[in-house]
Enquirer: 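Following this message is one structure expressed as structure tokens.
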Amino acid sequence: MSPSLSGKEGSHSKSSDPLSEKRERIRHSASHVMADALRSFYPEVQLAIGPPTDDGFYYDVLLPPGTPQLTLEDLPKIEEKMRQIIKADHKFIYKEIDRKEALELFAKAPFKKQIIEGIPAEEKLSLYSHGGFTDLCEGPHVNSTGEIKAFKLMSVAGAYWRGDEHNAMLQRIYGTAFESQAALDDHLKNLEEALKRDHRKLGKDLELFMFDPVAPASPFFLPKGAIVYNELIKYIRELYKKYGYQEVITPQIFSTDLWKRSGHYDNYIENMYMFEADDREFGVKPMNCPAHAMMYSIRIHSYRELPIRFADFGRLHRFERSGVTHGLTRVRSFAQDDAHIFARPDQVQAEITVFLNQFMETYHMFGFGDIFIRLSLRPEKRTGTDEMWDRAEAALENALKANNLKYAPTPGEGAFYGPKLDFLVKDAIGREWQLGTLQLDYSLPERFNLEYAAEDGSIMRPVVIHRAWLGSIERFLGILIEHLAGAFPVWLSPVQVVLVPIADRHTEYAFKVVSELVEAGVRAEVDDRKERMNLKIRDAQLKKVPYILVVGDKEAEAGTASVRMRTGEDKGAKSVADVKAEIMQMINERK
RNA sequence: GCCGGCGUAGCUCAGUGGCAGAGCAGCGGUUUCGUAAACCGCAGGCCGUGGGUUCAAGUCCCACCGCCGGCUCCA
């Protein structure tokens, strides 16, 4: 069961199957109907764009100056109007027009005018009308408004015109529409389900981590969360050992001398925490690479030593803009399973191939099925020669091809110092997150004057590969929590076993069993509260403890424990030795 | 940073100008029980922070902080 790979990011893929195609029509049409309804309340409303999306549609609008902003409370009346329009079953009428006509028709619609001006002259322009409403639109649509069988307006949000923060802020109304009420209900149920898996909620409920205004967007890992965090690191450390990485420990704070040299002072300072001490300016590190470059430079390296792989779990701080933080997935304080590989140019491709295999192995183990690989190619603004970029991009692409991996080349998205591979997964609510990354860097070796002595004695420049499997541990944990709905595999579970004594007199035996498990390295506890066993079983299951061992007279007598799983499955009584062996095996096999 | 919403007990939430509430959790007691919530009782509050309006503010207004939904950005 290997993770399926899709070359395209889901949110950008054009649907090909009939149902998705139908929904796209329905949603696109619903967006027109919504604009129509909105216009009946605000005749002067300026319409921008109203496309279908993966799970619904939206329309970006600008209300006339002085109009109060739309809020959630305005949605019901808009929905009501939409229902009337749908009931009237207006036909959608398609009409092609020439550019001049279009510009006249939309003379008073500045956003539409801009759209028209942006469409290449040779492309035809078209209109879609229903009832008395006409919009510039490529389509396709349903035949008539009556085909929009079920819809719901979801939310109102702000959005910049054309996604550029220098442009006007528009209001975006989100809605969704389906071919049947049942499908809509199903969708709403899924949303509710996703809410239950939200890692922020589960993190609180399971006491994994907390946040506090005294450290905005910076998680406090509570004891249980710290266990999971450290288990992840322990796993990564094993891989480091296996694959020839050397772990290093580097300072947290550096003088701006370093940040100027690395380029961060010019390119990244708005994301850094800077301060003065002793009349010098310092910055808290947002990345580990400069420190690793310095460590590489302690002496001249022979070509025989390369590749050198420095791994670092150093804590990074990035000052993220206030509106962008999100639970564990976008924080200001975090660590990565970060490593920099200093390699000879001829070693680059082999390193990438090995990395890809390690990456797939890791993701397979965590059970992620929906992985997207993005190959980010040279941006406009970049350092280095074209030959260098050709070689670097080819190295990444060849490695992907050699490993039969699908990927989406994305021009212009690379870092200024080199192209990169980004590994994205989708969370429970369909949001896409970047986790792992691999970047080729020709700039850092230049800036830090990194060298090695080649076979012929000449001095050569190594290439640096930045790479992470999990990305940020924090973000990975957040995605993992949602992916698993908080039910960690045994090896990651903060509490792996809870002993439930049936009556007080069985507590002593329960502790005996626990100490045997703890001795073997299992995280086991006795629930010795003065409560009934029913409650204790319930609580253990709500806390997603994988093994619940119930012990009473029979078990104490026979030296057994009744095994109940968090799923509710009752596996019956087993000898303590057998239970212990089973749990140990789960842990050792990381299941 | 920008647009909008929200902030009341540990948690989930009610209270919309007139005495701060409920359920769960917590604590005390009773119950000692065979696989998802026993019963009784007791406590628990700078209503995010600061200012303002008012005879009176959890409630109305302003600012700030934080969170949530988006935009932009990103590990």
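A, B, ... follow the sequence lines: proteins, then strands. Residue 1 opens every chain.
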Enquirer: Between atom CZ in A/R332 and atom C1' in B/C73, what is the gap in whole Å?
Expert: 13 Å

Enquirer: Between A/E413 (CD) and B/C74 (C1'), how many Å, whole number?
Expert: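 Rounded to whole Å, this separation is 11 Å.
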
Enquirer: Donor-acceptor pair under 3.5 Å: do we get one between A/Q434's side chain and the base of B/A75?
Expert: no

Enquirer: Strictly by Watson-Crick or wobble contacts shorter than 3.5 Å, is anything paired with B/A14, and which nucleotide is it?
Expert: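 Matched B/A14 with nothing under the 3.5 Å cut-off.
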
Enquirer: What pairs of nitrogen or oxygen atoms, one from the protein and one from nucleotides 59-64 of chain B, lie under 3.5 Å apart?
Expert:
none

Enquirer: Base contacts versus sugar-phosphate-only contacts with protein, heavy atoms under 4.0 Å: please encode nucleotides 25-32 of chain B as B, S and - from 5' to 3'.
Expert: ------BB

Enquirer: Heavy atoms within less than 4.0 Å of RNA chain B: which residues of residues 550-560 of chain A have one? Give them sorted by number.
Expert: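 Those residues are A/V550, A/G552, A/D553, A/K554, A/E555.
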
Enquirer: Grab the two heavy atoms, one from A/G486 and one from A/L206, that are nearest each other, plus how far apart they are.
Expert: O-CD1, 3.9 Å

Enquirer: Could you pull out all residues at least two apart from A/F57 that satisfy ring-ring contact (aromatic ring centres under 6.0 Å, His included)?
Expert: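 For A/F57 there are no ring-ring contact (aromatic ring centres under 6.0 Å, His included) partners, ignoring immediate neighbours.
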
Enquirer: Taking for each residue the nucleotide of RNA chain B bearing the nearest heavy atom, is the 5' side occupied by A/T325 or by A/R162?
Expert: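 The residue whose closest nucleotide sits nearer the 5' end is A/T325.
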
Enquirer: Only counting residues at least two apart or in another chain, list the ones meeting ring-ring contact (aromatic ring centres under 6.0 Å, His included) with A/Y174.
Expert: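 Per chain and number, A/Y174 pairs via ring-ring contact (aromatic ring centres under 6.0 Å, His included) with A/Y58.
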
Enquirer: Which atom names give the shortest non-hydrogen contact between A/V545 and A/V495, and what distance separates them?
Expert: CG1-O, 3.7 Å

Enquirer: Listed by chain and number, what are the side-chain contact (heavy atoms from CB on, under 4.5 Å) partners of A/E165, not counting sequence neighbours?
Expert: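 Residues passing side-chain contact (heavy atoms from CB on, under 4.5 Å) with A/E165: A/Y160, A/R321.
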
Enquirer: Between side-chain atoms of residues 333-340 of chain A and protein atoms elsewhere (two or more places apart, or another chain), which donor-acceptor pairs fall under 3.5 Å?
Expert:
unit_1, atom_1, unit_2, atom_2, d
A/S333, OG, A/R315, NH1, 3.0
A/S333, OG, A/H317, NE2, 3.4
A/D337, OD1, A/L470, N, 3.2
A/D337, OD1, A/G471, N, 3.1
A/D337, OD2, A/W469, N, 2.9
A/D337, OD2, A/L470, N, 2.8
A/D338, OD2, A/N288, ND2, 2.9
A/H340, ND1, A/H292, ND1, 2.8
A/H340, NE2, A/H466, ND1, 3.0

Enquirer: Could you work out the separation of B/C13 and B/G48 based on their P atoms and round it to a whole Å?
Expert: 15 Å

Enquirer: Base, sugar-phosphate, or nothing: which does A/R172 touch, judged by heavy atoms less than 4.0 Å apart?
Expert: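 Sugar-phosphate contact only - A/R172 comes under 4.0 Å of backbone atoms but never of a base.
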
Enquirer: Test side chain to side chain contact (heavy atoms under 4.5 Å, CB included) on A/E582 and A/K574 and set out the steps.
Expert: CA-CA 10 Å; A/E582 178 182 326; A/K574 294 187 177 190; 2.9 Å; yes

Enquirer: Over 60° means perpendicular and under 30° means parallel, so tell me whether A/H264 and A/Y268 are parallel, tilted or perpendicular.
Expert: perpendicular

Enquirer: Given atom CD of A/E569 and atom P of B/A36, what is their separation to the nearest angstrom?
Expert: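 Whole-Å distance recorded here is 14 Å.
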
Enquirer: With sugar-phosphate meaning primed atoms plus P, OP1 and OP2, does A/L435 contact a base, only sugar-phosphate, or nothing at under 4.0 Å between heavy atoms?
Expert: sugar-phosphate

Enquirer: How are the rings of A/F254 and A/W259 set relative to one another: parallel (under 30°), tilted (30 to 60°) or perpendicular (over 60°)?
Expert: perpendicular

Enquirer: List the protein contact pattern of nucleotides 2-17 of chain B with one symbol per nucleotide (5' to 3'): B for base contact, S for sugar-phosphate-only contact, - for none; contact means a heavy-atom distance under 4.0 Å.
Expert: BBS-------S-----

Enquirer: Whole angstroms only, please: what is the CD-C1' distance between A/Q336 and B/C74?
Expert: 11 Å

Enquirer: Nearest whole angstrom, please: distance from the C1' of B/A75 to the CD1 of A/I479.
Expert: 11 Å

Enquirer: Where the side chain of A/E165 is defined as all heavy atoms beyond and including C-beta, which of B/G34, B/U72, B/A75 is the nearest nucleotide?
Expert: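 The listed nucleotide nearest to A/E165's side chain is B/U72.
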
Enquirer: Tell me whether A/F334 is stacked on the nucleobase of B/A75, counting only the six-membered base ring and applying the 5.5 Å and 30° thresholds.
Expert: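 Answer is yes, a stack.
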
Enquirer: Please verify the inter-ring angle class for A/F366 with A/F476; under 30° counts as parallel, over 60° as perpendicular, anything in between as tilted.
Expert: perpendicular

Enquirer: So which pairs with a foot in residues 535-546 of chain A pass side chain to side chain donor-acceptor pair (under 3.5 Å), sequence neighbours left out?
Expert: A/R529-A/D539, A/Q541-A/R564

Enquirer: Return the minimal non-hydrogen interatomic distance between A/M533 and A/V500, and the atom names on each side.
Expert: CB-CG1, 3.8 Å

Enquirer: Are A/Y229 and A/F209 near enough that their ring centres are under 6.0 Å apart?
Expert: no

Enquirer: Grab the CE-P distance between A/M533 and B/C33 for me, whole Å please.
Expert: 12 Å

Enquirer: For the pair made of CZ in A/R538 and P in B/A38, what is the distance, rounded to whole Å?
Expert: 9 Å

Enquirer: With A/F511, which residues qualify under ring-ring contact (aromatic ring centres under 6.0 Å, His included), at least two apart?
Expert: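 Result, ring-ring contact (aromatic ring centres under 6.0 Å, His included) vs A/F511: none returned.
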
Enquirer: List in numerical order all residues of residues 207-219 of chain A for which some heavy atom is under 4.0 Å away from an atom belonging to RNA chain B.
Expert: A/P213, A/P216, A/A217

Enquirer: For A/H506 and for A/D422, locate the closest nucleotide of RNA chain B by heavy-atom distance; then report the residue assigned to the nucleotide nearer the 5' terminus.
Expert: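 Closer to the 5' end of RNA chain B: A/H506.
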
Enquirer: Tell me whether the OP1 or OP2 atom of B/A75 has a side-chain N or O from A/K420 closer than 4.0 Å.
Expert: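 Answer is yes, contact under 4.0 Å.
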
Enquirer: Regarding A/E193 and A/K196, does a basic nitrogen lie under 4.0 Å from an acidic carboxylate oxygen?
Expert: yes

Enquirer: Indicate whether OP1 or OP2 belonging to B/C68 is found under 4.0 Å from a side-chain N or O atom of A/R200.
Expert: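 Yes, such a contact exists.
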
Enquirer: Does the separation of the ring centres of A/F313 and A/Y240 fall below 6.0 angstrom?
Expert: yes

Enquirer: Can you name the residues that form a ring-ring contact (aromatic ring centres under 6.0 Å, His included) with A/F488, not counting sequence neighbours?
Expert: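 Testing A/F488 for ring-ring contact (aromatic ring centres under 6.0 Å, His included), a comparison that skips the adjacent residues, returns none.
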
Enquirer: Without decimals, in angstroms, what is the distance between A/H326 NE2 and B/G1 P?
Expert: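 So the two atoms are 18 Å apart, to the nearest Å.
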
